[in-house]
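Residue numbers start at 1 and run along the sequence shown. Both backbone and side-chain heavy atoms feed into the values below; hydrogens, waters and symmetry mates do not.
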Amino acid sequence: MSVSAPNSGANPAAASALATIAARRSSIASTPTPVQQLATLGKQLAVEQLLVKRDDLTGLAFGGNKTRKLEFLLAEAAAAGAKMLITAGAIQSNHCRQTAAAAASQGLDCQLVLTGQPSDKEGGNYLLDNLLGAEIIFISDRKDRDRVLQEAFSTAQQQGRQPFLLPYGGSSPTGALAYAHALGELLTQLQHHPDCIVLASSSGGTQAGLVLGARIFGYRGRIVGISIDESSQQLQSKVASLANKASQLLGQDWKFAPQEIEVDDSYCQAGYGVLTTLEQDAMQVFARQEGLLVDPVYTGRAAGGLLDLSRRKEIAGQLLFWHTGGQVALFAERYNVDTITSK
Ligand SMILES: *Cc1c(COP(=O)(O)O)cnc(C)c1O
């Protein structure tokens with residue numbers, strides 16, 4: 001393959017449409033984020049190379065992958081004349097915390113619909129949501145979420161607050177474009193394309209963006225999403241559909257099939273946010289071999305998947321772990337020195 005100019009892409013028309021949209025994004029993330037080598041762990045796993053893309057360092061209020069999506073979503077909100085952001089998630093939602101920070105940084109109000117019941121001692125993301133000044137509506141049952149979110153939106157609209165509704169996890173086609181752009185960023189940082197990118201995948205926008213970016217920028221390696229809470233079939237459909245819709249925003253009409261999307265759901269059987277020895281081990285291995293912190297819900301599970309898949313030689317060669325952040329959840333009330341470090 002010939003060496004191409006950074007970002008010129010395998011599909012120049014889509015790359016240039018993406019660059020135009022990216023140029024309008026709100027600048028709230030510190031990018032490019034670093035790519036680092038995990039030499040000790042890589043050697044231990046006997047892989048050619050183990051790299052990490054540090055999207056836990058996007059910067060805004062402890063960062064994470066939602067900050068990149070919010071850069072694109074804020075531009076959409078601004079174009080709609082929004083004065084307020086509304087979104088929903090779990091009590092320890094990283095997306096909600098980053099949305100609250102993004103809103104604060106733009107002088108917007110923020111309302112969050114959170115599922116669960118916090119105790120007086122709840123910390124982590126919930127503490128930061130409050131510190132960042134978000135208005136919080138609690139629901140006890142996740143099945144009420146869509147309804148309560150819609151009601152919150154209508155009420156805010158009636159009050160003239162000009163709300164803008166952000167999807168769960170920031171995973172709309174526009175949010176996904178941020179990760180197509182991020183894949184372009186990664187490729188300009190590397191001399192060789194990795195054989196395999198591994199990431200935590202949940203609402204699907206991050207993986208959809210990477211898959212789309214692969215087509216735009218000519219990345220032919222694997223993109224393996226470790227499912228956090230859904231069957232492979234569900235997540236593959238979600239990712240493919242988001243990638244297809246996102247391609248339309250670039251003037252393309254690409255059709256990714258669910259089977260083309262690589263998802264592994266072997267590690268989510270315990271359920272969302274439930275800590276098992278998989279996450280405990282991964283958190284300890286990454287911390288103790290590399291001084292790198294992964295979180296109990298997302299990146300700990302994905303890192304556990306990466307360790308297992310590479311030990312079983314299901315992934316090999318040059319590996320890149322896409323760190324999506326989430327460490328704030330380490331300071332949630334449910335996790336402590338016993339649950340995190342006991343074996
Ligand atoms: C939201 C989140 C993910 C999953 O990203 P999606 O785009 O929702 O699939 C992974 N890691 C962390 C830390 C997250 O907060």
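Counting all heavy atoms, side chain and backbone alike, Leu18 lies closest to His181 at CD2-N, 3.7 Å. Heavy atoms only, all atoms of each residue included: Pro173 and Lys245 are closest at CG-CB, 3.5 Å. Between Ala61 and Leu132, the shortest heavy-atom contact is CB-CD1, 4.4 Å. Of all heavy-atom pairs spanning Gln280 and Asp338, the tightest one is NE2-O, 4.4 Å. Across all non-hydrogen atoms, the minimal contact from Gly169 to Ser203 is CA-OG, 3.7 Å. Across Cys268 and Ser227, no two heavy atoms sit closer than the pair CB-O, 3.3 Å.
A donor-acceptor contact closer than 3.5 angstrom is absent between the side chains of Thr99 and Lys66. In the model, Asp265 has no side-chain atom that pairs as donor or acceptor with a side-chain atom of Ser231 under 3.5 Å. A donor-acceptor contact closer than 3.5 angstrom links the side chains of Thr299 and Asp295. If you check the side chains of Gln98 and Thr67, you find a donor sitting under 3.5 Å from an acceptor.
With hydrogens and angles disregarded, a donor-acceptor distance shorter than 3.5 Å links the side chain of Ser237 to the backbone of Gln233. Without hydrogens or angle criteria, Gln37 side chain to Leu51 main chain gives no donor-acceptor distance under 3.5 Å. Between the side chain of Gln327 and the backbone N or O of Leu293 there is at least one donor-acceptor pair closer than 3.5 Å. Arg54 places no side-chain N or O within donor-acceptor distance of the main-chain N or O of Pro34, the cut-off being under 3.5 Å. A donor-acceptor pair is defined here as one N or O able to donate and one able to accept, closer than 3.5 Å; such a pair exists between the side chain of Gln162 and the backbone of Gly81. Judged by distance alone, with hydrogens and angles left aside, the side-chain atoms of Glu71 form a donor-acceptor pair with the main-chain N or O of Ala29 at under 3.5 Å. Side chain of Ser247 to backbone of Trp254: a donor-acceptor contact under 3.5 angstrom is found. At distances below 3.5 Å, at least one donor-acceptor pair connects side-chain atoms of Asn244 with backbone N or O atoms of Phe256.
Two residues are said to be in side-chain contact when any heavy atoms from C-beta on lie closer than 4.5 Å; Ser232 and Asp264 fail this criterion. Contact annotation: the side chain of Met84 never approaches that of Leu108 to less than 4.5 Å [non-hydrogen atoms, C-beta and beyond].
Residues Ile216 and Val211 share a hydrophobic cluster, clusters being chains of Ile/Leu/Val/Met/Phe/Trp/Tyr side chains in contact below 4.5 Å. Note on Val148 and Leu112: separate hydrophobic clusters, where clusters join Ile, Leu, Val, Met, Phe, Trp and Tyr whose side-chain heavy atoms are under 4.5 Å apart, directly or indirectly.
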Please evaluate residues Lys43 and Glu48 with respect to the criterion salt bridge (Lys or Arg N to Asp or Glu O under 4.0 Å), reporting the C-alpha separation (whole Å), side-chain torsions for both, the decisive distance (0.1 Å), and the verdict. CA-CA 8 Å; Lys43 201 169 283 171; Glu48 264 171 58; over 6 Å; no
Determine, step by step, whether Lys53 and Gln189 satisfy the side-chain hydrogen bond (donor to acceptor under 3.5 Å, both in side chains) criterion, reporting the C-alpha distance in whole Å, the side-chain angles of both residues, the deciding distance to 0.1 Å, and the verdict. CA-CA 10 Å; Lys53 174 70 168 159; Gln189 293 175 299; 2.7 Å; yes
Full working for side-chain hydrogen bond (donor to acceptor under 3.5 Å, both in side chains) between Gln259 and Gln236: CA-CA 7 Å; Gln259 317 83 266; Gln236 285 170 305; over 6 Å; no
Applying side-chain hydrogen bond (donor to acceptor under 3.5 Å, both in side chains), run through Glu279 and Thr276 and close with a yes or a no. CA-CA 6 Å; Glu279 293 84 21; Thr276 71; 2.7 Å; yes
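Under 4.0 Å is where a charged nitrogen must lie from a carboxylate oxygen, and between Asp55 and Arg68 at least one such pair does. The residues Arg222 and Asp195 are annotated as not salt-bridged, no charged nitrogen and carboxylate oxygen being separated by less than 4.0 angstrom. Salt-bridge annotation for Arg25 and Glu76: absent, with no side-chain N of the basic residue lying under 4.0 Å from a carboxylate O of the acidic one. Salt bridge annotation for Arg311-Asp308: absent, with no cationic side-chain nitrogen under 4.0 angstrom from a carboxylate oxygen. A salt bridge links Asp253 with Lys255; the closest basic N to acidic carboxylate O contact falls under 4.0 Å. Glu122 and Arg334 are not joined by a salt bridge, as no carboxylate oxygen comes within less than 4.0 angstrom of a charged side-chain nitrogen.
Sparse packing is recorded around CZ of Phe62, with 12 or fewer heavy atoms of other residues, nucleotides or ligands lying under 6.0 Å away.
With ring centers used as reference points, Phe164 lies 6.0 Å or more from Phe153.
A cation-pi contact links Arg145 to Tyr168, judged by a cut-off of 6.0 Å to the six-membered ring centre and 45° from its axis. Figure legend: Arg97 and Tyr126 shown without cation-pi pairing, the cationic atom not lying both under 6.0 angstrom from the six-membered ring centre and within 45 degrees of its axis.
Under the side-chain contact (heavy atoms from CB on, under 4.5 Å) rule, Ile223 has a single partner from Glu260, Glu262, Gln207, which is Gln207.
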